[in-house]
Structure formats: C-alpha cells, structure tokens
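Notes follow the structure.
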Amino acid sequence: MTESSGSKLLNGEACQRTLRGKNAGKNGFVKNHCVFEHPRKYRRPTERSQNAAPNSSLYKKPFSESFEETPLLVAVLTYMGYGILTIFGYFRDFLRHWNIEKCHIAHEREQQKDFVPLYQDFENFYTRNLYMRIRDNWNRPICSVPGAKVDLVERVTHNYNWTFEHTGKVVKDVINMGSYNYLGFAENAGACASAAIETTHAYGVGVASTRCEIGNLDIHEELEQLVARFLGVESSMAFGMGFATNSMNIPALTGKGCLILSDELNHASLVLGARLSGSTIRVFKHNNMQSLEKLLRDAIAHGQPRTHRPWKKILIVVEGIYSMEGSIVRLPEVIALKKRYKAYLYLDEAHSIGALGPNGRGVVDYFGLDPKDVDIMMGTFTKSFGAAGGYIGGRKELIDYLRCHSHSALYATSMSPPVAQQIISSMKIIMGEDGSTLGKDRLRQLSENTTYFRRKLREMGFIIYGNDDSPVVPLMLYMPAKIGAFGREMLKRNIGTVVVGFPATPIIESRARFCVSAAHTREMLDTVSLVNLQTPSSDPLHDGRVMGVRRSRRSNL
Amino acid sequence: MAAGQQWVLVEMVQAFYEAPAYHLILEGILILWIVRLLFFSKTYKPHETYKLTEKEKEDLIEEWQPEPLVPPVSKDHPSLNYDVVTGPPSHKIIINGKECTNFASFNFLGLLDSDRVKDKALASLKKYGVGTCGPRGFYGTFDVHLELESRLAKFMRTEEAIIYSYGFATIASAIPAYSKRGDIIFVDEAACFSIQKGLQASRSFIKYFKHNDMEDLERLLKEQELEDQKNPRKARVTRKFIVVEGLYINTADVCPLPELVRLKYKYKVRIFLEESMSFGVLGEHGKGVTEHFGVNIDDIDLISANMENAVASIGGFCCGRSFVIDHQRLSGQGYCFSASLPPMLAAAAIEALSIMEEDPEIFSVLKRRCSQVHQALQGIPGLKLVGVPFSPALHLQLERSSGCRSSDLQLLRSIVDHCLDRHVALTVARYLEKEERFVPPPSIRVVVTVEQTDEDIQKAVSCIREAASIFLR
C-alpha cells in the first residue's frame with residue numbers, strides 16, 4: 001500500500017487550509033494542491049498494475065485490480081502477426097483484382113458505378129481480410145433462452161465465412177459465458193416470465209406513442225417509482241433503449257460552453273451522446289485519477305479554449321464496470337474530485353447495476369457510498385434484469401427537467417409493457433420485495449462465482465484483467481490468430497465465449513471475455529476453466545505462454 | 001571517392017590543431033552562446049510569463065462557480081406532467097381515468113391488441129424469455145431476428161434488411177454509418193428529429209432545402225456541381241446524399257419521390273428515405289412511398305422505418321441492397337453497441353407482417369378512413385388542416401396564431417382537454433423547440449386507424465368543432 005501525503009487530504013477544504021499557512025517551495029507546493037497527486041518517487045506512470053489503491057483511506061475494502069503489461073516478446077509477435085495478415089490481405093486483394101480468386105463482396109449497382117464510391121477502400125481492408133476470416137465467432141445465432149446454457153443454431157460456411165448456411169441442426173447445451181446474464185434473470189419460466197405473460201395479455205407489446213404524448217402507461221410510472229426506490233434516489237426515468245439513454249440524454253444536460261471529461265474507454269453511446277451535445281470533450285486515461293484531476297485543474301484555470309470564458313459546467317462521465325477491461329471505476333476518488341472541483345458526475349452503470357454490491361445496487365452500493373453524491377445515475381435493464389432499456393436516476397429537479405427535455409421522452413416510442421414488467425418483477429426479487437431470499441441468493445451466488453472463477457483462472461496462470469470483484473473476466477489472447485482459434489476451439493468443447501480484438505481493444509490486446517452469471521454452477525465454471533487448459537497438443541492454444549498464460553512471477557495477489 | 005573524403009576529414013582535424021588558441025576559445029564561446037540562446041533563453045518562450053502559478057490556479061478553482069446541472073423547470077411546463085394511460089393504449093384507451101376513443105396513437109392498422117400478434121409474442125416469450133442479454137455480435141442474435149430480417153426483406157422486395165432495437169436509433173445510426181466528415185447531405189427542412197440527430201452525428205456538411213421544393217434542391221445540387229468542378233479531386237471522394245421522409249411526420253405530406261429519383265441520377269446523389277409514417281400505410285401492399293409512386297425500390301439506396309407505428313411492436317429496420325445494408329452490421333452504432341431486440345417483440349413484428357401480407361385489403365380500408373377524416377376535418381372555423389388526404393397522421397394548426405408559441409399551445413391544449421372530457425383522445429404534437437432545426441407550428445395531431453368507425457369519426461370531429469367554437473372565437 002502506498003500512502004502518500006496527498007491521500008491523507010480527504011477533501012479540498014482540508015487541502016486548502018494546510019496550504020494557506022505554508023510557504024512551501026514551488027515543487028512541494030504543486031504536489032500538495034491536488035487531492036490525488038503523488039510524490040514523484042511513488043509514481044510510475046507506465047505501470048498499469050494497480051493492486052494497491054493509492055488513496056486507500058477512501059476505500060472500505062481492498063481495491064484490487066490488475067492489468068499486466070504485455071510482455072515484450074508477445075507484443076513483437078503480435079505485431080508480426082498483424083503484419084503477416086496485412087501482407088496476405090494485400091496479396092489476396094491483388095488476386096481478387098485480377099479475378100484469380102473468386103470475389104464474394106457485394107457490388108455497387110451497374111447504374112450507380114459512376115457515383116462517388118460509398119466506401120473508401122481502406123475502410124474495408126480490415127473487414128475483408130482480417131475480420132472476414134474469423135467472422136464465424138460473432139453473431140452466432142441462438143435459439144433458446146440466453147441462460148447458463150444456450151442452444152446455438154449450427155451454421156457452416158463453404159466459402160471461408162463470406163456466407164453462412166444453417167444446417168438445420170442445433171448445437172445443444174453450450175455453456176454460455178458470453179451473455180450479460182449476471183443474475184440469471186434470462187428465463188422463460190418462473191415469476192418474472194409469468195408476470196410478463198400476464199402483462200402481454202393485458203397490454204399487448206407495442207405502445208405506438210411517445211411518453212410525452214399518449215404513451216405514458218401506468219406500468220411505466222410504476223417502474224420509475226420502483227427504480228428510484230431501488231437506487232435510493234429521489235426520482236427516475238426509464239427509456240426504451242440503453243444505448244439511446246446515453247446518447248439522447250447527455251445532449252439534454254450539457255451543451256455549448258460545457259466541458260465533458262470522459263474516460264478513454266467509455267462506451268460508444270457515451271461518446272456519441274457527448275458528441276451530440278456540442279460540448280467540448282476531453283479524455284482522461286482509463287480510471288486514472290491523476291489524469292482526471294489534472295484535466296479538471298487545467299480546465300477550470302484556463303477556461304474555454306480561445307475565449308477563456310469560464311466553463312458553464314463540467315461533467316465527468318464514467319462507467320461502473322468497464323465491459324472490455326473488467327475494471328471497476330474508482331468511485332470514491334471520483335466523488336472526492338467531483339466535490340473538490342464542483343463538477344457533476346454521470347455514472348453509467350450498464351454492467352454494474354445488479355451485478356455489484358451487497359444489495360445489487362451497483363457500484364455505489366459496492367463502495368458503500370451515498371447515491372446522492374452521484375448527480376446522474378444511469379444504467380441499463382438489458383443485463384442483470386434480463387430485459388431491455390435504460391434508466392436515469394437522480395434528484396427530482398433533474399428528472400423533471402429530463403421529462404420535459406429528453407429527446408427520448410418527446411420523440412421515441414415508450415418502453416414495451418412486458419419488458420417493463422420483466423424489470424419490475426426482477427427488481428422486486430433483487431430487493432427481496434417478493435418475500436423470498438431468491439434475490440439475495442443470486443447476488444451471493446454471483447459474487448461467489450466471480451471470485452471462484454477469477455481465482456481459478458489465476459491459479460492456472462492465465463493473464464486476466466480487471467477487478468477481483470468484477471463478473472466481467474477478460475482473458476488475454478494477444479495474437480490475432482488466437483482470436484479465431486480460441487473462439488472455435490471453445491465452441492468445439494461446447495463453451496460459448498466472446499472473443500474481441502481490434503478495434504474494440506488496443507491492437508495488441510486481443511482477448512476472450514467471460515461473463516460470470518449467478519446461473520452458472522461450479523461444475524460449469526470448472527469445465528470452462530479446465531477446457532481453457534486441457535486442449536490436445538495439436539491445438540493452437542497449447543502453447544500457454546503465447547496465449548497469455550504465465551506460470552511464474554505472479555506476486556502480491 | 002571515399003578516400004578523398006577521408007583526406008578532407010584529416011585536413012580538418014589538422015586545421016583544428018593548427019589554429020591559434022584564442023581562435024578556438026572564441027569559437028567555443030560562440031557555440032556556447034548559441035546553445036544558450038536556443039535552449040536557455042527566456043525570450044524564446046513568451047508563453048512562460050503567462051503561465052499561472054499554482055496559487056493563481058487554486059484561486060481560480062476556488063472562484064469558479066458552475067451553473068446548476070439543470071435549470072429549474074416551471075411547474076406549469078406543458079410536458080412536465082404526462083397524461084397517464086391505464087391499460088393498453090389501443091382503440092379504446094383510458095387516459096387519466098377516462099375511457100376515450102383513440103385518435104392519438106400511431107396504431108394505424110390496429111395491430112396493437114391483435115390476438116394473433118399477442119399469441120406469437122407469448123409463444124416467443126415462453127421460449128426465449130424477455131431480454132436478449134447481449135448485443136447482436138455476442139450471442140444476442142436469435143433465430144427470430146434472422147427470420148424477421150428475411151421477412152422484412154421479402155416484404156419490401158429488397159436484398160437485405162437489418163433490424164434495430166429502437167425506432168429512433170434506426171435512421172439516427174444509419175446516416176452516420178455512411179456519411180462522414182466532409183461528405184454532403186441535402187435534407188428537407190421538415191425532416192423529423194431522429195434524422196436531425198443522425199445528421200449531427202455524421203458531422204457532414206448539411207444543406208437544407210425548402211420543404212418538398214425540388215427547385216430549391218436542384219439549385220443546391222447545381223451549386224454543388226459548380227463547386228465540384230472547381231475542385232474535382234475533392235469531389236471524387238465527397239459522398240452526397242439526399243435524406244427525405246416518405247410521409248412527413250411533421251407536415252403530414254408526401255415527398256415527390258419520382259422527381260427525387262430523377263435528380264438522384266442527374267446529379268449522382270444517393271437517396272436515403274425514412275418511412276416510419278408510410279411503411280405499412282401507403283401503397284397497395286403497404287410497402288410505403290415507393291409503392292405509392294410506383295418507383296423501383298432499387299433506385300432508393302436505403303429505406304429506414306420503425307416498427308412502432310403500423311407494425312405496433314418496438315424497433316426499427318433498414319432495407320436495401322446488400323452492398324449498402326451489410327455495412328451497418330459493423331458500422332451502425334445503434335446496431336453494434338446496443339442489446340438486440342427482445343425476441344418476443346421481433347416475433348410480434350413477424351406476425352404483424354404476416355397479417356399485412358395476408359390481408360392487403362387493410363391498406364385500402366386505412367386509405368378510405370384517412371380521406372374520410374381528412375374530408376370531415378375541413379373547414380373547422382379557426383383551425384387549419386395540414387396534410388394530404390391519404391396521410392394517417394394529420395395536423396390541425398391554428399388559422400391565426402396569437403404570435404406567442406406558448407399561448408398557442410395552451411389554446412390547442414384546451415381543445416384537446418375539451419375533447420378528452422368528451423371521450424375523444426387527441427394530443428398536441430410535442431417538439432423540443434430549442435433543439436429542432438425548424439420548429440413546426442403548434443398543432444393538434446389527429447391519427448387515423450382502421451379501427452375507427454364512422455360514428456367515432458363523426459363524434460371526434462363534432463367534438464373538435466365544438467371545442468374550436470368555444471376556444472377560438
């Protein structure tokens with residue numbers, strides 16, 4: 001644990017007072033101003049492994065997160081892999097150009113050949129030559145509930161993934177490590193499903209109007225009151241799509257002359273929303289509080305670019321759990337910074353709501369903080385609740401304003417009634433309002449499964465990213481060739497995982513991602529982790545080192 | 001050569017030895033001086049003096065007071081308190097506890113409470129549950145989605161269709177998937193809000209032409225052509241698009257599609273057509289505005305529509321040739337980064353399509369109803385009917401505006417309330433006045449559905465007349 005002088009200062013007030021009386025030298029002076037700046041000797045900016053929270057006094061329990069640096073050899077090999085793929089890509093493009101290789105790409109209509117090309121050629125180079133070769137790992141159609149086990153529609157390709165044919169057969173009982181079904185509410189039977197069935201009978205599935213006009217059903221009002229109660233906020237509002245909740249509400253909150261400070265790994269919807277708002281956007285390093293604080297200080301001191309007018313307001317935008325890294329936001333520190341610098345905080349709990357915290361109330365609950373310290377609590381219903389849509393919670397004034405100014409409330413059709421019902425039922429179960437301990441059991445199961453699975457993978461020597469308590473578990477693959485191989489080999493062993501590479505991750509950090517669910521049993525998790533290792537020698541995964549397995553030098557975990 | 005060079009070097013070193021000491025010292029000082037000037041001189045860093053000290057920064061941070069997160073909303077803001085609908089928003093709707101005949105939901109074909117649709121949705125719910133728990137790429141593609149996509153493509157007679165989980169996000173994601181920074185989009189002034197958001201997300205140059213004014217559009221296209229001739233290299237990579245709506249939600253009239261197609265080929269511009277209001281409404285088989293005008297659907301580059309109006313489910317779709325549509329599977333943000341459509345809603349949409357295919361008569365019924373309502377709403381004193389006779393969503397605007405938008409809205413709202421009291425559900429069309437590019441004038445929206453009977457229509461019209469005579473004297 002690194003204890004720094006800065007970390008003892010809990011808030012700006014205290015910080016300020018110590019400074020006034022002191023006539024320190026320039027350097028010491030600089031350091032002590034900031035809440036989270038560390039003396040240089042403790043700071044190693046290149047190190048990504050952050051096992052010790054730098055401001056441990058803010059945390060009630062150990063905050064353990066690791067991002068092992070890519071070994072140099074692996075990095076070099078990975079770049080070589082991409083190099084080879086690129087060379088082959090150009091070669092095949094050359095063959096296709098001269099009609100030596102059959103070309104499956106859809107063509108422009110003859111009548112429109114003289115139009116400006118719709119796509120730039122290099123835009124599609126990556127898709128055509130890299131993505132296409134391993135395309136079978138994505139968009140795998142399923143034909144059952146996306147629960148702990150899932151049935152896949154079997155498909156084959158006769159032309160290297162250009163087209164797929166469904167064989168009519170079903171791959172049964174694939175262990176599902178891909179769906180965001182954290183609490184296992186993706187079910188087609190049980191209390192939630194029967195409530196949704198009843199609602200469908202009563203309401204139908206559509207609404208055919210907007211909230212503001214004539215699409216505000218009683219079930220929506222019920223849902224919003226419940227969400228507010230669940231989150232511990234004054235008021236809330238629900239929207240029909242999680243993505244749109246971000247992209248259509250951030251523009252209602254900030255505009256020209258405002259500054260948005262956004263984590264570099266924020267989801268596309270947050271980025272889009274920030275862009276649509278017309279505010280200035282600055283990006284800080286992932287979960288890096290020093291970087292955030294520096295941006296905040298500079299922003300306030302210098303004001304808007306060119307005009308130097310003060311910013312109207314500053315909005316910090318972070319996510320609860322980052323879905324590709326498995327990291328958890330350093331919320332106590334973010335809140336300390338936000339208070340110190342009078343910024344507002346927008347917290348996107350898409351993955352963390354329901355999945356974190358002793359009561360399943362997300363990252364605020366996990367750290368034991370006060371939800372009132374977060375100005376805008378946003379989250380989605382897609383994941384833990386097994387439904388669809390998103391919400392925003394906060395003070396009554398905020399929600400009142402959104403009810404009148406949210407793009408979604410005025411222009412988008414309201415949420416489907418059975419979907420709203422599914423959220424109501426599952427949320428009540430999590431809160432224990434159904435009179436059972438089912439919710440508590442699931443929350444406990446999820447956290448046990450997470451700890452178990454993460455520990456298991458670690459023990460086997462895999463390099464995994466993220467926080468120890470995060471149910472999103474990225475396992476590093478690094479090489480582009482491993483992406484396809486890993487996905488296919490896992491499927492052969494009846495395990496469905498998500499594999500991701502560039503552009504969803506940095507180019508050398510391709511990974512597989514497991515989403516742990518409360519519905520998974522120990523046996524399933526054992527199977528998954530064992531299958532990761534026990535593969536035949538012909539298997540491309542066998543060479544552990546290259547895949548990101550590391551058998552030694554793992555310390556302090 | 002190499003030997004020669006070496007000799008020069010040797011000579012240089014020799015000259016160095018031979019030079020007098022004072023000369024070398026002088027040279028040395030000169031070099032040091034230059035180094036100092038270059039790297040240590042203050043005069044080279046004029047910004048340095050402007051840099052804030054930490055103390056100054058600290059004072060600025062103390063001093064700064066942000067605006068409140070949201071400005072206060074006045075208690076009587078028209079959108080603050082929503083009307084509450086109890087039970088299904090179908091033909092008979094209970095608003096604020098009053099049962100009314102629905103003239104406000106876009107449930108054109110009355111499929112919202114169709115038992116067939118409900119049954120299919122339920123069957124799907126019992127098989128798949130409600131949510132999909134993932135985006136399309138990561139185990140969120142269900143066989144139902146693939147079926148719906150192929151059914152939509154078949155229905156529209158296009159090569160391919162792609163579904164989105166939210167109607168609003170459909171066109172708003174489709175436009176920026178193709179049009180990037182530097183490209184040019186010609187768009188109708190009356191375009192709906194989701195198109196405007198798509199335009200904004202694309203960061204392209206936007207050129208607005210007057211609503212349905214083809215001469216104005218051609219003027220802009222010609223201007224652009226001249227511009228292109230000046231800089232042909234740039235023109236070769238500048239994509240150009242026309243974005244129009246089939247049936248405008250804001251003005252209830254139809255775009256002159258044949259003329260647009262002519263301009264498309266003349267000026268080599270692609271057409272994106274948003275058909276949320278016209279899909280399942282216009283044309284003999286409900287295929288929308290292309291069928292209405294008899295335009296070859298392949299001449300339109302991309303058609304987008306939502307499945308929330310006529311289809312009475314949730315979500316939206318884009319259709320067109322594979323060459324165009326497939327691109328969205330990796331570039332449509334609302335497609336890639338959002339959870340997929342709940343399978344039960346997709347199943348409901350499939351069944352709605354089946355009903356539409358089995359019984360194309362429904363479209364002529366709707367058309368008759370539309371013209372009936374259009375006819376009946378003519379000549380209400382004080383109110384002006386806006387829209388074409390075959391539009392299912394008409395607008396009643398004030399003949400004489402009071403000059404103040406909010407009092408106009410207040411007036412229209414009292415007409416709507418009067419009708420609500422008499423069991424006719426209408427709504428004032430809502431807009432975000434500050435966000436809209438061109439705010440449409442305030443209006444009451446009258447929605448026609450196939451479920452409305454002659455008596456319903458008569459009653460509604462007489463209610464509106466009565467209210468108009470009370471409030472608009």
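Heavy atoms only: backbone and side chains are in, while hydrogens, waters and symmetry mates are out. Chain naming here is simple, since letters A, B, ... match the order of the sequence lines and numbering starts at 1 in each.
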Checklist entry - chain A heavy atoms under 4.5 Å from B:Val269: which part of the residue, side chain, backbone, both or neither? => result backbone
Item to check | Test item: A:Glu397 side-chain N/O and B:Pro71 main-chain N/O as donor-acceptor pair under 3.5 Å | outcome: no
Item to check | Check: A:Val153 and B:Phe142 side chains under 4.5 Å, non-hydrogen atoms | outcome: no
Checklist entry - Will you find, in the side chains of B:Tyr166 and A:Thr413, an N or O donor that is under 3.5 Å from an N or O acceptor? => result no
Next on the checklist: Could you check whether A:Arg140 makes a cation-pi contact with B:Tyr139, meaning its NZ or CZ is under 6.0 Å from the centre of the six-membered ring and within 45° of the ring axis?
Outcome noted: no
Checklist entry - Can you find a heavy atom in the side chain of A:Gln120 that is under 4.5 Å from one in the side chain of B:Lys180? => result no
Checklist outcome for this item: So, the part of B:Asp299 with a heavy atom under 4.5 Å from chain A: the answer is both
Item to check | Flag for A:Glu213-B:Thr427: side-chain donor and acceptor within less than 3.5 Å | outcome: no
Item to check | Pair A:Tyr203-B:Ser90, side chain to side chain donor-acceptor pair (under 3.5 Å): steps then yes or no | outcome: CA-CA 8 Å; A:Tyr203 289 84; B:Ser90 47; over 6 Å; no
Item to check | Main-chain N/O of A:Asn188 paired with B:Lys127 side-chain donor or acceptor, under 3.5 Å | outcome: no
Checklist entry - Relative to chain A, which segment of B:Thr141 carries a heavy atom at a distance below 4.5 Å: side chain, backbone, both, or neither? => result both
Checklist entry - chain A heavy atoms under 4.5 Å from B:Ile249: which part of the residue, side chain, backbone, both or neither? => result neither
Checklist entry - Atom OG in A:Ser416, atom CE in B:Met344: separation rounded to 0.5 Å? => result 6.0 Å
Next on the checklist: So B:His77 and A:His405, do their side chains get closer than 4.5 Å, heavy atoms only?
Outcome noted: yes
Checklist entry - Is B:Lys126 salt-bridged to A:Glu187, cutoff N-O under 4.0 Å? => result no
Checklist entry - Can a donor-acceptor pair be found between the side chains of A:Tyr411 and B:Gln196 at a distance below 3.5 Å? => result no
Checklist entry - If you round to the nearest 0.5 Å, how far is CE of A:Met415 from CD1 of B:Ile314? => result 9.5 Å
Next on the checklist: Donor-acceptor pair, distance only, cut-off 3.5 Å: does the side chain of B:Tyr82 make one with the backbone of A:Arg403?
Outcome noted: yes
Next on the checklist: Using only atom types and a distance under 3.5 Å, with no angle test, would you say the side chain of A:Lys342 pairs donor to acceptor with the backbone of B:Glu62?
Outcome noted: yes
Item to check | Side chain / backbone / both / neither for B:Glu159 at chain A, heavy atoms under 4.5 Å | outcome: neither
Checklist entry - Quick check, are the ring centers of B:Phe193 and A:His407 under 6.0 angstrom apart? => result yes
Item to check | Heavy-atom donor-acceptor pair, A:Tyr344 side chain to B:Leu69 backbone, under 3.5 Å | outcome: yes
Checklist entry - Any sub-3.5 Å donor-acceptor pair from B:Lys240's side-chain atoms to A:Val116's backbone N or O? => result no
Checklist entry - Are the side chain of A:Lys313 and the backbone N or O of B:Pro66 linked by a donor-acceptor pair below 3.5 Å? => result no
Item to check | Engaged part of B:Ala104 at the chain A interface, taking heavy atoms whose separation is under 4.5 Å | outcome: both
Checklist entry - Within the distance-only criterion (no hydrogens, no angle test), does the side chain of A:Asp218 pair as donor or acceptor with the backbone N or O of B:Thr86 below 3.5 angstrom? => result no
Item to check | Check ion pair B:Glu54-A:Arg297 (N to O, under 4.0 angstrom) | outcome: yes
Item to check | Euclidean distance, A:Thr497 OG1 relative to B:Phe138 CZ, rounded to 0.5 Å | outcome: 10.5 Å
Checklist entry - At a heavy-atom separation under 4.5 Å, does B:Leu80 approach chain A through its side chain, its backbone, both, or neither? => result both
Item to check | Distance-only polar pair, side chains of B:Asp301 and A:Gln112, donor-acceptor under 3.5 Å | outcome: yes
Checklist entry - Mind checking whether B:Phe337 and A:Phe243 have parallel, tilted or perpendicular rings, split at 30° and 60°? => result parallel
